[in-house]
Amino acid sequence: MTETSARFREFKMPDVGEGLTEAEILKWYVQPGDTVTDGQVVCEVETAKAAVELPIPFDGVVHELRFPEGTTVDVGEVIISVDVAPGSGEPAAEAAAPAQAPVAEAPAEPEAPKGRQPVLVGYGVAESSTKRRPRKGVSVPEQAAAAAVQAELNGHGAAPAVARPLAKPPVRKLAKDLGIDLATVVPTGPDGVITREDVHAAAAPVAEPAVAAGVSRETTPAPVAAVVSSDARETRIPIKGVRKATAQAMIGSAFTAPHVTEFVTVDVTRTMKLVEELKGDKEMAGLRVNPLLLIAKALLVAIKRNPDVNASWDEAAQEIVLKHYVNLGIAAATPRGLIVPNIKDAHDKTLPQLAASLGDLVSTAREGKTSPAAMQGGTVTITNVGVFGVDTGTPILNPGESAILAVGAIKLQPWVHKGKVKPRQVTTLALSFDHRLVDGELGSKVLADVAAILEQPKRLITWA
């Protein structure tokens, strides 16, 4: 936020995540002439992590919206100006520049379609078709100073005395997570800037396409804005925001952590009966009770019995970090792509508390309001591919986590029960784990414990 005069104040695009450098304006909730108050939400933006609503930090009347909906804006750019003293008669901010300062007005630019041109993955970003509104009343020196500040915000500032590889903050974090020294990476970006692709190439020079991770879906995602070709024979969807971040994270996970997946098919008839009983329990009144709730509780008990599975790999320090808490991730497909919010300290929650947390997580994801904080710090994840009628899958680890449990469809199948073939409720579980952290014995014990609990849910009491 800056002041352009005593009357007009400007609000800049903030960094709403950890080191994010840009965000797309999804929707404006105000228009020029509208009165706003301190703390009022004026727009919704989407970053690589989530959609976030931005409140204005002062009172006044909206003077100008600097960018239309659908524009991707760098952190630090002014997005809205507000008249904080309407009717005062003070000259407008645009007229407040000193008379001796030469004013350069940018030439008018043709109106451009919203969004950016689609690109072919692996072939760089095409020149953007989004045109930003020219600013008036800004002197040439001021423009140069602003450009220098914005370059610094983007990580493109002038090199210090000791040469430092050029890379944006998210790329630096990726390199740290992958244990890559940026000084050894060959840059391919403009002006010698290291890109995410450069880091991935340094981490895995020879890579094959990654297998898509399983997801849990409660609603059907809304259509994504797309560009249709002239002959209508194909549709191209720009890769950006959550989808782009997810794709990059999954590639990094697939080719950094050595995955192992184990499977087990289990009779969950007793668990399904318990679900129905719990729906009528007064302690669970008003809460969402479903098989996922008991599967989550079973996994938490299995982790308690096998705590070494709950860990992460610190490449930089060459250490295994054992976690004495469980932030349980639930993979969810949303209109903006796959996200994995997590329930903080899930290990400490009672069954009703866990049910409430799962309900809040699902409803927030449905509304597209999951915050970046809700998706950080996960330790173990569950993905429910059974909602699609799929029997099982080989899920890819959420970056930084040690294990992910895929739950298949629960179906009535013939099963040998007490020496006789009977129709029983059966499902298949798949556990993928990082083989640097979890060996076959430990992974097998965790998966066997989850299966045993779902087969005999009374173990939730005897093993807890």
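Every value quoted in this text rests on a predicted model; they were computed, and no experiment measured them.
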ask   = Could you give the distance from CD1 (Ile461) to CD1 (Ile453), rounded to the nearest 0.5 Å?
value = 11.5 Å
ask   = Below 4.5 Å, heavy atoms only, C-beta onward: do Asp391 and Lys411 meet side chain to side chain?
value = yes
query = Can you list the residues that meet the side-chain contact (heavy atoms from CB on, under 4.5 Å) rule with Thr462, with sequence neighbours excluded?
reply = Arg459
request  = Decide yes or no on side-chain contact (heavy atoms from CB on, under 4.5 Å) for Val380 and Ser402, but give the supporting numbers first.
outcome  = CA-CA 6 Å; Val380 176; Ser402 59; 4.1 Å; yes
inquiry  = Quick check: closest heavy atoms across Thr261 and Ser432, and the distance to 0.1 Å?
reply    = OG1-OG, 2.7 Å
inquiry  = Using modelled atom types and a 3.5 Å cut-off, is there a donor and acceptor pairing between side-chain atoms of Asn342 and backbone atoms of Asn327?
reply    = no
remark   = Note: Glu46 and Leu26 closest approach over all heavy atoms is CB-CD1, 3.6 Å
message = Could you go through Asp308 and Leu322, starting from their C-alpha distance and side-chain angles, then the distance that decides it, and tell me whether this counts as side-chain contact (heavy atoms from CB on, under 4.5 Å)?
response = CA-CA 7 Å; Asp308 288 353; Leu322 298 178; 4.1 Å; yes
remark   = With sequence neighbours left out, the residues meeting side-chain contact (heavy atoms from CB on, under 4.5 Å) with Ser312 are Val321, Lys323
inquiry  = Keeping Gln40 on the side-chain end and Thr37 on the backbone end, is there a donor-acceptor pair under 3.5 Å?
reply    = yes
inquiry  = Between His435 and Val438 (side chain of the first, backbone of the second, donor and acceptor by atom type, cut-off under 3.5 Å), is there such a pair?
reply    = yes
key: Spacing of Thr21 atom OG1 and Met13 atom CE [to the nearest 0.5 Å]   = 11.0 Å
request  = Taking only Lys NZ, Arg NE, NH1 and NH2, and the carboxylate oxygens of Asp or Glu, determine whether Glu277 and Lys273 approach each other closer than 4.0 Å.
outcome  = no
key: Minimal non-hydrogen separation, Ile339 against Ala365, with atom names   = CD1-CB, 4.3 Å
ask   = Between Asp360 and Ser357, does any side-chain donor sit less than 3.5 Å from a side-chain acceptor?
value = no
Interatomic spacing from OG1 in Thr394 to CZ in Phe263 - rounded to 0.5 Å = 6.0 Å
ask   = Does the Asp314 side chain pair with the main chain of Ile320, one donor and one acceptor, at a distance under 3.5 Å?
value = no
query = Between the side chain of Gln318 and the main-chain N/O of Glu315, is any donor-acceptor distance below 3.5 Å?
reply = yes
Value rounded to 0.5 Å, distance of NE2 in His347 from CD1 in Ile303 = 10.5 Å
inquiry  = Any carboxylate oxygen within less than 4.0 angstrom of a Lys/Arg side-chain nitrogen, looking at Lys369 and Glu44?
reply    = yes
note = side-chain contact (heavy atoms from CB on, under 4.5 Å) filter on Val264, not counting sequence neighbours, yields Leu429, Leu447, Ala451
inquiry  = Would you compute the distance between atom CZ of Phe433 and atom CD of Glu262 and round it to the nearest 0.5 angstrom?
reply    = 4.0 Å
inquiry  = Minimum heavy-atom separation for Pro68 and Ile25, please, with both atom names.
reply    = O-CB, 4.2 Å
query = For Tyr325, does its backbone N or O pair with a side-chain atom of Asn310 as donor and acceptor, under 3.5 Å?
reply = yes
message = So does Trp28 get a backbone contact from the side chain of Glu69, meaning a donor-acceptor N/O pair under 3.5 Å?
response = yes
ask   = Do Arg288 and Leu358 touch side chain to side chain, with heavy atoms closer than 4.5 Å?
value = no
task = Report yes or no: does Thr72 contribute a side-chain atom to a donor-acceptor pair with the main-chain N or O of Glu24 at less than 3.5 Å?
result = no
task = Please determine, by modelled atom types, if Thr265 and Thr428 share a side-chain donor-acceptor pair under 3.5 angstrom.
result = yes
ask   = Can you check whether Gln353's main-chain N or O pairs, donor with acceptor, with Thr350's side chain at less than 3.5 Å?
value = yes
message = Do the side chains of Glu276 and Lys279 get close enough for a salt bridge, i.e. N-O under 4.0 angstrom?
response = yes
query = Leu294 pairs by side chain to side chain contact (heavy atoms under 4.5 Å, CB included) with which of Leu299, Leu354, Val268, Leu278?
reply = Leu278
inquiry  = With heavy-atom distances below 4.5 Å as the criterion, would you say the side chains of Ile79 and Leu54 are in contact?
reply    = yes
request  = State the CG-OG1 distance between Leu328 and Thr379, to the nearest 0.5 angstrom.
outcome  = 7.0 Å
Heavy-atom closest contact (Asp449 atom, Ala302 atom, distance) = CB-CB, 3.8 Å
query = Which pair of heavy atoms, one from Pro457 and one from Arg270, lies closest together, and at what distance?
reply = CD-CB, 3.6 Å
request  = Would you indicate whether the side-chain heavy atoms of Val275 and Val289 approach each other to under 4.5 Å?
outcome  = yes
message = If you apply the rule side-chain contact (heavy atoms from CB on, under 4.5 Å), what do you find for Asn384 with Ile295, and how did you get there?
response = CA-CA 10 Å; Asn384 182 12; Ile295 292 167; over 6 Å; no
key: Worked check of side-chain contact (heavy atoms from CB on, under 4.5 Å) between Thr427 and Val266   = CA-CA 6 Å; Thr427 191; Val266 59; 3.9 Å; yes
